[in-house]
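Note: hydrogens, waters and symmetry copies are ignored here, and every other heavy atom, side chains too, is used. Computed from a prediction, not measured in an experiment: that's the story for all the values here.
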Amino acid sequence: MQLPREVLTAWFRHLTDVKNLALCAIGALVAAYTGPFGTWMTMPEGERILFWAIVIVWSFVASTFTIALACARLSHIAIVPQKIISCLVFTAIFSPPLYLGLRAYVGVEEAGTFAWIAGISFVIALMISAIREILHISARSEVEAEFDSRSTAQADDGPRLLARLDGDPGPILRLSARDHFVNVVTATREHEIRMRLGDAVSEMEGTEGFFTHRSHWIARNAIERVLRDGPKTYVLSNDNQRVPVSRTHLPKLEDAGVV
């Protein structure tokens, strides 16, 4: 099965992120010198360091893949089920090799059952995901509230965000978050900028628009019509793309007469 290009691009970006690489190295050292799952008592120091270095690198590869996959394929669903699904996918990818490795090098009794190892992996992944999300939400919520209270009159010289787009005259149609990056879509092309979505929206002052989802913002004059797909709601942008509308943001769009 061939992975979509957007997933591969996001995955490579996460794999090469300096902060992620630093956390991977720290995690490998902590695991090597704490010796979980019986490895402290059953493995010589050098072998234990090598074993946990391989395990942590594998967890790094698996976790960055699930983050990239979630950004590309699960952005239309609510955050809680999105994180749970991502952590389940991570557990399914990460746990079997860990279990087999522990059985081979530590022993069946010391390693524990597969259900135990998979359960611990899932809980740790969920905790890390929750902490990561709390840090992002706290930084973003203030910006969203500030933007919603601003005047929506169009500025003559366009929003400040245009200055980041390498001479693209705009107008900016919509913004989409992909972890630490924002995709800025104009009438002519798409740009990728390393910044938070909330910060990008704060530079759209003077342009009326709406958060339709925690990961999507669209200018009002870029909305063509509303689409319904069962319980799901979308707005169709004038570049012919469906932008998901979450239940959280749906009331604001209804109050504005968009939906």
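Side-chain contact between R164 and H191: absent, with no pair of heavy atoms (C-beta onward) separated by less than 4.5 Å. Annotation: side chain of W58 is in contact with side chain of I93 (closest heavy-atom distance under 4.5 Å). At least one side-chain heavy atom of M204 sits under 4.5 Å from a side-chain heavy atom of W217. In this structure the side chain of V245 never reaches within 4.5 angstrom of the side chain of F210, judged on heavy atoms. V201 has its side chain within reach of L175: a pair of non-hydrogen atoms, C-beta onward, lies under 4.5 Å apart. Side-chain contact between Q241 and V235: absent, with no pair of heavy atoms (C-beta onward) separated by less than 4.5 Å. Looking only at side-chain heavy atoms (C-beta outward), V226 and L253 stay at 4.5 Å or farther from each other. Within the 4.5 Å cutoff, side-chain heavy atoms of N238 are placed close to those of L173.
W52 and T39 are linked by a side-chain donor-acceptor pair at a separation below 3.5 angstrom, with hydrogens and angles left out of the test. If you check the side chains of S176 and H216, you find a donor sitting under 3.5 Å from an acceptor.
Between the side chain of S95 and the backbone N or O of A92 there is no donor-acceptor pair closer than 3.5 Å. A donor-acceptor contact shorter than 3.5 Å links the side chain of S121 to the backbone of I117. Panel note: side chain S129, backbone K83; no donor-acceptor pair is recorded below 3.5 Å.
Taking E47 as the reference, nothing meets the side chain to side chain donor-acceptor pair (under 3.5 Å) condition, with sequence neighbours excluded. Shown here are the ring pair (Phe, Tyr, Trp, His ring centres under 6.0 Å) partners of Y33, two or more places apart in sequence or in another chain: there are none. For S59, there are no side chain to side chain donor-acceptor pair (under 3.5 Å) partners at least two apart in sequence or on another chain. With sequence neighbours excluded, no residue forms a side chain to side chain donor-acceptor pair (under 3.5 Å) with R189. Taking the side chain to side chain donor-acceptor pair (under 3.5 Å) definition, one finds that T34 meets it with nothing, sequence neighbours left out. With sequence neighbours left out, the side-chain contact (heavy atoms from CB on, under 4.5 Å) criterion links M127 to V123.
Among residues at least two apart or in separate chains, salt bridge (charged side-chain N to carboxylate O under 4.0 Å, His left out) pairs with a member in residues 217-228 are E208-R220. Listed by first and then second residue, the salt bridge (charged side-chain N to carboxylate O under 4.0 Å, His left out) pairs that reach into residues 236-247 are R174-D239, sequence neighbours excluded.
Hydrophobic cluster membership of L50, counting Ile, Leu, Val, Met, Phe, Trp and Tyr whose side-chain heavy atoms lie under 4.5 Å apart directly or via other members: I54. Applying the 4.5 Å side-chain rule to ILVMFWY residues, one finds W40 in the same cluster as M41. Summarising the hydrophobic clusters (Ile, Leu, Val, Met, Phe, Trp, Tyr; side-chain heavy atoms under 4.5 Å, direct or chained), the residues clustered with I56 are none.
Y99 and T113 get closest at one heavy-atom pair: CE1-C, 3.8 Å. Nearest heavy-atom pair across P244 and Y234 is CA-CD2, 3.6 Å. The shortest non-hydrogen separation linking M43 to R48 is O-NH1, 3.4 Å.
Note on I49: it does not cluster hydrophobically with V57, by side-chain heavy-atom contacts below 4.5 Å among ILVMFWY residues. Cluster membership check: I223 does not share its hydrophobic cluster with V185, using side-chain heavy-atom separations under 4.5 Å among Ile, Leu, Val, Met, Phe, Trp and Tyr.
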Listed pairs under 3.5 Å, donor-acceptor, residues 22-32 side chains, sequence neighbours left out:
none

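The distance from atom CZ of F181 to atom CD of E192, rounded to the nearest 0.5 Å, is 5.5 Å. Distance CD1/I193 to CG/L161: 5.0 Å, rounded to 0.5 Å. Here the CD1 atom belonging to I218 is positioned 5.0 Å from the OG atom belonging to S237, to the nearest 0.5 angstrom. Going from atom SG of C87 over to atom CD of Q82 covers 10.5 Å, rounded to the nearest 0.5 Å. Distance check, rounded to the nearest 0.5 Å: CZ of F114 to CG of L102 gives 11.5 Å. Distance check: R160 CZ to E205 CD gives 4.5 Å after rounding to the nearest 0.5 Å.
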Residue pair R103, L98: steps toward the side chain to side chain contact (heavy atoms under 4.5 Å, CB included) verdict
CA-CA 9 Å; R103 284 194 59 174; L98 175 60; over 6 Å; no

Audit row: I172, L165, side chain to side chain contact (heavy atoms under 4.5 Å, CB included) steps and yes/no
CA-CA 10 Å; I172 295 174; L165 305 186; 4.0 Å; yes

Can you list the steps and then say if F60 with L21 is a side chain to side chain contact (heavy atoms under 4.5 Å, CB included)?
CA-CA 8 Å; F60 173 61; L21 291 171; 3.8 Å; yes

Pair R178, V182 - check side chain to side chain contact (heavy atoms under 4.5 Å, CB included), show working.
CA-CA 6 Å; R178 294 194 182 279; V182 172; over 6 Å; no

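Under the 4.0 Å criterion applied to side-chain N and carboxylate O atoms, D199 and R196 are assigned as salt-bridge partners.
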